[in-house]
J.: 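Next up is a structure, given as structure tokens.
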Amino acid sequence: MILTLVEHDAGLPDEVSLEALTMARELAAAEDTTVGAVVFGDEGAGTAEELAPYGVDEVHHVVHDDLDGYAPEAWGDSLAQLVEAVAADAVVAPGTDRGHEVLSHAGVTLDQPMSANCIGVDVADDGGYDIRRNRWGGSLIEHATLDADTKLVSAAEHEYPIEKADAEGEADVTEFTPSLDDAQLRVRVDRVESGDQEGIPLGEARVVVGGGRGVGGPDDYDQLEELADLLGGTVGASRAAINEGWRPHDDQIGQTGAKISPDIYIAAGISGAVQHMVGCKGAETILAINTDPEAAIIQKADWAVVGDLHEVVPELNDAIRANG
Ligand code: FAD
């Protein structure tokens with residue numbers, strides 16, 4: 001069995017987990033085995049109906065009196081116990097911070113190596129995995145061989161498409177109760193507070209308007225907000241703008257921020273540092289607005305306007321409004 005860690009919100013699987021299921025299905029087909037999902041949380045069993053169309057045969061719902069919220073070590077150890085209970089061949093996790101944290105804890109417990117941020121995995125004749133994976137936020141692709149009793153891999157965000165399988169019905173749900181001790185629950189989510197962010201989450205937006213240090217201050221984001229509104233999109237920012245305190249941290253795009261894959265990314269006043277670009281390389285089209293014709297982003301963009309964003313963006317907004 002190829003087990004897949006599925007993150008969900010009230011029983012609705014998130015996009016990156018569905019991407020990970022595409023990888024899991026490919027591996028299961030190559031190894032002639034089944035796909036299982038492992039879910040945590042009170043509403044985990046609710047994923048069964050959602051996951052069956054993605055080729056999940058069995059949902060393993062981890063239940064434990066003390067596991068009502070995220071607890072990295074306890075989740076990792078529960079996953080390891082489940083791997084042993086079902087004799088899983090491999091575990092696929094979404095390439096998120098949480099996916100990596102849980103998988104690495106499981107790796108320690110199982111004493112197995114883990115390969116993170118994979119963008120392609122082939123099963124070799126000897127059963128090992130030939131892996132291509134993103135390093136340095138995707139600026140380098142590493143080829144590696146993973147030879148282990150239980151292979152632990154994560155699917156890099158937005159590298160695998162979300163695809164339904166040719167499957168119907170509902171997956172079987174089995175409850176799994178791990179044995180945990182207090183030490184594994186030292187770190188746990190105690191309460192969740194929702195952020196201030198409104199509108200479409202960056203990772204899901206079809207149009208993203210990013211603003212960097214060139215925007216010049218928090219108030220000047222109004223023009224970018226207006227452009228995003230007109231195009232039905234959302235606003236993001238570079239780390240420099242976040243560090244200035246102009247935008248909330250949730251808006252950050254890049255290596256240490258959100259990975260976006262919109263139809264169009266409009267980057268205004270952003271230089272195009274490699275740490276920023278790895279967050280937006282999934283964009284279909286990049287339009288850069290920058291005063292400096294030598295800026296790195298101008299070379300990397302599909303389209304560029306060399307000019308002051310404080311003039312270009314309002315003109316763009318007027319033109320869009322004029323054209324209805
Ligand atoms: P700058 O580099 O200062 O560029 C500003 C740009 O605006 C310039 O190109 C300038 O020509 C242009 N400009 C100025 N005025 C105007 C105007 N009026 N109109 C139009 N253009 C104008 N960065 C990220 O963004 N995301 C990350 O996740 C991230 N992670 C990092 C992780 C590590 C470990 C490290 C070391 C760095 C990371 N960085 C990240 C920082 C990154 O290296 C850059 O410093 C940052 O992206 C620069 O932001 P910027 O382009 O907004 O600012």
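First listed ligand is number 1; within each ligand, the first listed atom is number 1. None of these values were measured; they are calculated from a predicted model.
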J.: Regarding Asp302 and Thr285, is there a side-chain donor-to-acceptor distance under 3.5 Å anywhere?
T.: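 Thr285 and Asp302 do not have a side-chain donor-acceptor pair below 3.5 Å.
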
J.: When you check the side-chain N and O atoms of His310 and Gln223, is any donor under 3.5 Å from an acceptor?
T.: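 Looking only at side-chain atoms, Gln223 and His310 do not form any donor-acceptor pair under 3.5 Å.
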
J.: Report whether Ile131 and Tyr160 are members of the same hydrophobic cluster (ILVMFWY, side-chain heavy atoms less than 4.5 Å apart, transitive linking).
T.: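 In one cluster: yes.
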
J.: For atom 2 (O) of ligand 1, what's the nearest protein heavy-atom neighbour? Residue, atom name and distance, please.
T.: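 For atom 2 (O) of ligand 1, the nearest protein heavy atom is Ser271 OG, 2.9 Å.
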
J.: Can you check whether Gly212 has an N/O within less than 3.5 Å of an N/O in ligand 1?
T.: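 Between Gly212 and ligand 1 (N or O atoms, distance only) the closest approach is not under 3.5 Å.
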
J.: Gly269 versus ligand 1: do any nitrogen or oxygen atoms come within less than 3.5 Å of each other?
T.: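 Such a contact does occur with ligand 1.
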
J.: In terms of atom number and element, which parts of ligand 1 are under 4.0 angstrom from non-hydrogen atoms of Gly257?
T.: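 Numbered from 1, ligand 1 contributes 28 (O).
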
J.: Regarding His276 and Ser238, do their side chains bring together a donor and an acceptor under 3.5 Å, going by distance alone?
T.: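 Note: His276 and Ser238 side chains miss the donor-acceptor criterion.
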
J.: Could you check whether atom 45 (O) of ligand 1 has a protein contact, counting only heavy atoms that fall below 4.0 angstrom?
T.: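 Neighbour list for atom 45 (O) of ligand 1 is empty of protein heavy atoms (cut-off 4.0 Å).
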
J.: Suppose we measure from atom 3 (O) of ligand 1 to each protein heavy atom; which comes out shortest, and what is that distance?
T.: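 So the nearest neighbour among protein heavy atoms is Arg213 NE, 2.7 Å.
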
J.: Count I, L, V, M, F, W, Y as connected when their side-chain heavy atoms are under 4.5 Å apart, and connections chain through other members. Are Met114 and Val121 then in the same cluster?
T.: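 As far as the 4.5 Å side-chain criterion goes, Val121 and Met114 are not connected within one cluster.
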
J.: Pick, from Val274, Thr256, Asn243, the option with the minimum heavy-atom distance to atom 29 (C) of ligand 1.
T.: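 Result: the heavy atom closest to atom 29 (C) of ligand 1 is in Thr256.
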
J.: For atom 14 (C) of ligand 1, what's the nearest protein heavy atom and its distance?
T.: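 Result: Gly214 CA, 3.4 Å.
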
J.: Quick one: sort the Trp75 and Tyr70 rings into parallel, tilted or perpendicular, breaks at 30° and 60°.
T.: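 Perpendicular: the ring planes of Trp75 and Tyr70 meet at over 60°.
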
J.: How close do Pro178 and Val63 get, heavy atom to heavy atom, and via which atoms?
T.: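 Heavy atoms of Pro178 and Val63 come nearest at CD-O, 3.5 Å.
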
J.: Among all protein heavy atoms in this structure, tell me which lies nearest to atom 50 (P) of ligand 1, with the distance rounded to 0.1 Å.
T.: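 Protein heavy atom at minimum distance: Ser238 OG, 3.5 Å.
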
J.: Looking at atom 18 (N) of ligand 1, what's its closest protein heavy atom, distance included?
T.: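 Looking only at protein heavy atoms, the one closest to atom 18 (N) of ligand 1 is Asp308 OD1, 2.9 Å.
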
J.: Considering only non-hydrogen protein atoms, determine which one is nearest to atom 48 (C) of ligand 1 and report residue, atom name and distance to 0.1 Å.
T.: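 Protein heavy atom at minimum distance: Ala240 CB, 3.9 Å.
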
J.: Can Glu226 and Arg321 be counted as an ion pair, charged N to O under 4.0 angstrom?
T.: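 Looking at Arg321 together with Glu226, the answer is yes, because their closest N to O distance falls below 4.0 Å.
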
J.: How close does the nearest protein non-hydrogen atom get to atom 26 (N) of ligand 1, and which residue and atom is it?
T.: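 It is Ile253 O, 2.8 Å.
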
J.: To check your reading of the model: name the closest protein heavy atom to atom 39 (N) of ligand 1, its residue, and the distance in Å.
T.: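 Result for atom 39 (N) of ligand 1: Gln275 CB, 3.6 Å.
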
